[in-house]
Structure formats: C-alpha cells, structure tokens
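The structure presented is a predicted model; accordingly, all values stated were derived computationally and were not measured.
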There are 2 protein chains.
Amino acid sequence: MKKLSSRSSQRKAEEKSNPRAAILDATERIMLEAGYAAVSSRKVATRAGLRSQLLHYYFRTMDDLFIAVFQRLEDQHDEHFARAAASDHPIRELWKLSMNPASTGLVLEFTALATHRKAIRALIERSARRDRSMHVAAITGIMGRGGIGAQDLSPAVGLSPTVLALLMASVARTLVTESALGVSDGHAEMLAFVERQLRRMESR
Amino acid sequence: MKKLSSRSSQRKAEEKSNPRAAILDATERIMLEAGYAAVSSRKVATRAGLRSQLLHYYFRTMDDLFIAVFQRLEDQHDEHFARAAASDHPIRELWKLSMNPASTGLVLEFTALATHRKAIRALIERSARRDRSMHVAAITGIMGRGGIGAQDLSPAVGLSPTVLALLMASVARTLVTESALGVSDGHAEMLAFVERQLRRMESR
DNA sequence: GTCTATAGGCCGATAGAC
DNA sequence: GTCTATCGGCCTATAGAC
C-alpha cells in the first residue's frame with residue numbers, strides 16, 4: 001500500500017535504473033501491443049533491459065506481476081477520475097477518460113485475463129463494481145446540481161444515472177476496441193451523436 | 001468453402017465420431033471457459049477424446065484451427081441473423097442475438113486473439129465490418145417500413161440506424177462480458193431500459 | 001540486488017509405421 | 001486416418017554464488 005510518487009516514477013523508469021517500474025512499464029506495453037497472452041517473464045525482462053530471473057526477485061510469480069500492474073493502473077485511474085469529476089465539464093471529462101485508448105485497452109486485457117486466472121479474477125471483479133458505482137455516483141451528483149438536463153433525455157425515456165453510466169462505458173469500450181482493430185465504421189457518426197448529447201447536457 | 005450441413009453435424013460430434021467437428025467443438029468450449037490463450041493442441045485433443053497429433057492432421061497449424069472455428073461461427077451467425085431480421089419483431093430478435101452469451105463471448109475472444117495473431121486479424125476485421133453493415137442495413141429497412149418510430153427517439157436526438165446499431169452492439173457486449181465476470185451491477189436497470197425502448201419501437 | 005545455472009513442464013509440429 | 005516416437009523451443013520458478 002506504499003504510495004510511491006506515481007507522478008515522477010512513471011515514464012523514464014529504465015533510464016533512472018528503477019527496475020521495478022521498468023518491469024511494470026514493459027508489461028503494460030506488451031499487453032497493449034500484443035495482448036496479455038504475450039506477456040512472459042523473458043519478454044518483459046528483455047523489454048525492460050534486464051535478465052528474466054531478476055523479474056522473479058521483484059515479483060515472485062507472474063500473477064504477482066499482473067496484480068502490481070493492475071493496482072498501479074487503478075491508482076492512476078482514481079486520480080484521473082477525481083480530476084474529471086471535479087472539473088467544469090464533468091460528463092465530458094468522464095467521457096474523455098473512458099475513451100483513453102491505453103487505459104481502456106489495458107482494462108480490457110485484464111478483463112480477458114480474469115477469465116482464466118483465478119488470482120486476478122477477484123481483483124478485476126471488485127474493480128469493475130467499484131468503477132461502475134463511482135460513475136453512477138458522479139453522474140447522480142451532476143444531475144442533482146442541474147448539470148444534466150432532466151429534459152427529453154431523462155424522464156420520458158427514463159435515462160437514469162445507472163443507465164447513462166453503463167451506456168457511456170459500453171460505447172467507449174466498443175469504440176476503443178474497434179479502433180485498435182482498425183475498424184471505425186460508424187464511429188464518426190457515433191462521436192457526433194455523443195457530442196450532441198454532451199452539448200445538450202452542458203446547456204443547463 | 002464446402003458447405004457441410006451445419007445443422008446436423010453440430011452438436012454431438014464426438015459420439016458420431018466426427019473428429020473434425022469434435023475438435024472445433026472442444027476449441028470453442030475451451031475458449032469460452034478459459035480464454036483463447038488456454039487453447040493448445042494437447043488440451044483440445046484431450047477434450048475431443050483424441051491424440052494431439054491427430055489434430056495436426058485435420059488442421060496443420062493452430063492458426064488453421066482458429067480460422068476454421070471462426071468461419072463455422074460466422075456461418076451460424078449468418079443463419080441466425082437472417083432469421084432474426086425476417087421475424088415479426090426484428091429489432092427485438094437482433095437484440096436477443098447480440099445478447100447470446102456463447103456467440104458474443106466467442107467473438108470477444110477472437111477479437112482479443114486478433115490483436116496479436118496476424119493471420120486471424122484480417123479475418124476478424126472483415127467480419128466486424130460486415131456485421132456492422134448488416135445491422136445498419138437491417139435497421140434501415142425496419143425504419144423504412146415504419147417498424148421503428150421516427151418520434152422523440154429518432155429526430156430530435158438524432159438516433160440514426162448507424163448509431164442505433166453501434167449502441168445495441170456496445171451495450172450487449174458489455175452486459176455479456178460483465179455477466180461472464182460475475183458483475184451485474186445496473187444490468188437489470190439497463191435491461192428494463194432496453195425493454196422500454198423495444199416496446200416503444202414496436203408500437204408502430 | 002544481480003549474476004549463472006538449471007530443473008521440469010507444456011508447447012507446436014513433423015517423421016514414419018500401419 | 002490413426003498410431004508411436006520425438007525434436008527443439010519457450011516457459012515459470014528456484015538454488016546458490018557473489
């Protein structure tokens with residue numbers, strides 16, 4: 001639970017000869033480029049400029065490594081979420097956050113990984129629930145402050161904070177996944193639709 | 001390209017001693033239960049009641065196997081899609097189809113697999129595009145026949161066939177993925193929301 | 001902390017007999 | 001088509017020297 005200054009230690013971990021952070025960085029990069037299944041102690045070590053046995057000194061098992069990567073990711077996500085929710089255009093910033101290719105891509109890899117890694121599964125499950133409830137709470141707060149219109153979007157159709165949170169998360173995931181695959185059919189139209197909804201919500 | 005009677009050869013492949021179909025079935029089951037990364041020639045063979053070397057007789061490489069599984073899946077999907085689109089309640093049936101845990105789960109595994117398997121990638125990419133355009137075409141047709149209301153859903157908010165297709169696909173994927181993970185927070189509310197929209201669309 | 005060395009396992013794929 | 005046998009490779013993880 002040590003909160004190592006995530007701001008400074010993040011980027012150039014290798015140059016600063018911080019092996020632990022270099023391993024985490026390398027793991028993330030491999031997951032994004034080639035998927036979780038491509039993560040092996042040897043490949044990660046090579047990427048980080050280390051020998052594979054050293055990886056086992058910092059992380060005894062590969063599960064330990066995956067867990068550490070995920071927890072760092074979650075800490076960063078919490079920071080970004082708090083900043084977005086506290087901004088002048090919270091809905092728009094939350095949407096932007098969900099559309100971040102790196103973090104969303106990693107979450108999707110971890111979700112896939114959870115399918116068949118028992119030790120990971122509980123972690124992801126808890127995180128997914130927490131994230132959903134944080135979004136619902138944030139949207140509820142924004143609606144309460146009149147930040148979202150209770151107009152034709154809300155009452156007639158019945159768009160609750162829960163439904164809106166799930167819609168935003170779903171669409172963002174699809175757009176990010178498909179983009180990574182090189183498929184973007186209909187994306188421009190969807191982004192224009194989202195933009196229209198954001199403007200509508202913000203015009204309160 | 002041989003169209004082997006997909007109806008009859010599907011289910012009890014092992015009992016009928018149809019090794020090829022038994023291998024395809026076993027691969028699908030492993031992908032759904034443990035993810036694409038858990039698929040190995042030995043595990044598939046064991047599940048199918050065969051020796052692993054025999055797998056290489058029917059499918060020279062593992063890529064060949066994955067491709068065959070996907071193509072069978074796509075053929076089945078086409079059948080189901082056509083039946084749904086031609087039914088009395090096409091939108092509802094298309095939604096049901098998207099919510100099928102098995103087929104949607106497999107598609108998600110293949111999408112993840114495509115990230116780092118060159119031979120698979122092109123296949124999935126083409127299929128994703130085709131599926132999107134089929135859905136858009138179907139929804140356009142339904143709207144044209146007055147099967148979907150052009151009311152508050154459509155014009156004011158700007159819900160086009162493309163946007164509706166992307167929304168449906170996105171939400172269904174999220175619900176299926178999260179359910180598989182054991183997370184269902186907000187799902188009941190979302191399903192109720194969808195049901196309300198379906199009724200609204202059908203009341204034409 | 002970092003090194004060398006290595007145990008022990010599962011993997012994809014092929015050769016060749018029947 | 002199905003069998004036996006097997007090669008070479010990459011994997012996780014540990015032991016033990018420095």
Salt-bridge present (A:Arg29, A:Glu33; N to O < 4.0 Å): no
Which nucleotide span of DNA chain C, 5' end to 3' end, has atoms closer than 4.0 Å to non-hydrogen atoms of chain A? C:dG1 to C:dA5
Expected output: side-chain B:Arg121 to main-chain A:Leu181 donor-acceptor under 3.5 Å: yes
Is the shortest distance from a Lys or Arg side-chain nitrogen in B:Asp131 or B:Arg126 to a carboxylate oxygen in the other one below 4.0 Å? no
Quick one about B:Ser184 and B:Glu178 (side-chain donor to acceptor, distance below 3.5 Å, no hydrogens or angles considered), yes or no? no
Ignoring hydrogens and geometry beyond distance, is a side-chain donor-acceptor pair present between A:His80 and A:Asn100 at under 3.5 Å? no
Side-chain donor-acceptor contact under 3.5 Å, B:Glu74 with B:Ser127: yes
A:Asp185 with B:Arg129: basic N within carboxylate O range, under 4.0 Å: yes
Compute whether any side-chain donor of one residue and acceptor of the other, for A:Ser170 and B:Thr174, lie under 3.5 angstrom apart. yes
Could you please name the option among D:dT14, D:dT4, D:dC11 that lies closest to any side-chain atom of B:Arg51? D:dT4
Where along residues 57-66 of chain A does a heavy atom fall under 4.0 Å from DNA chain D? A:Arg60, A:Thr61, A:Met62
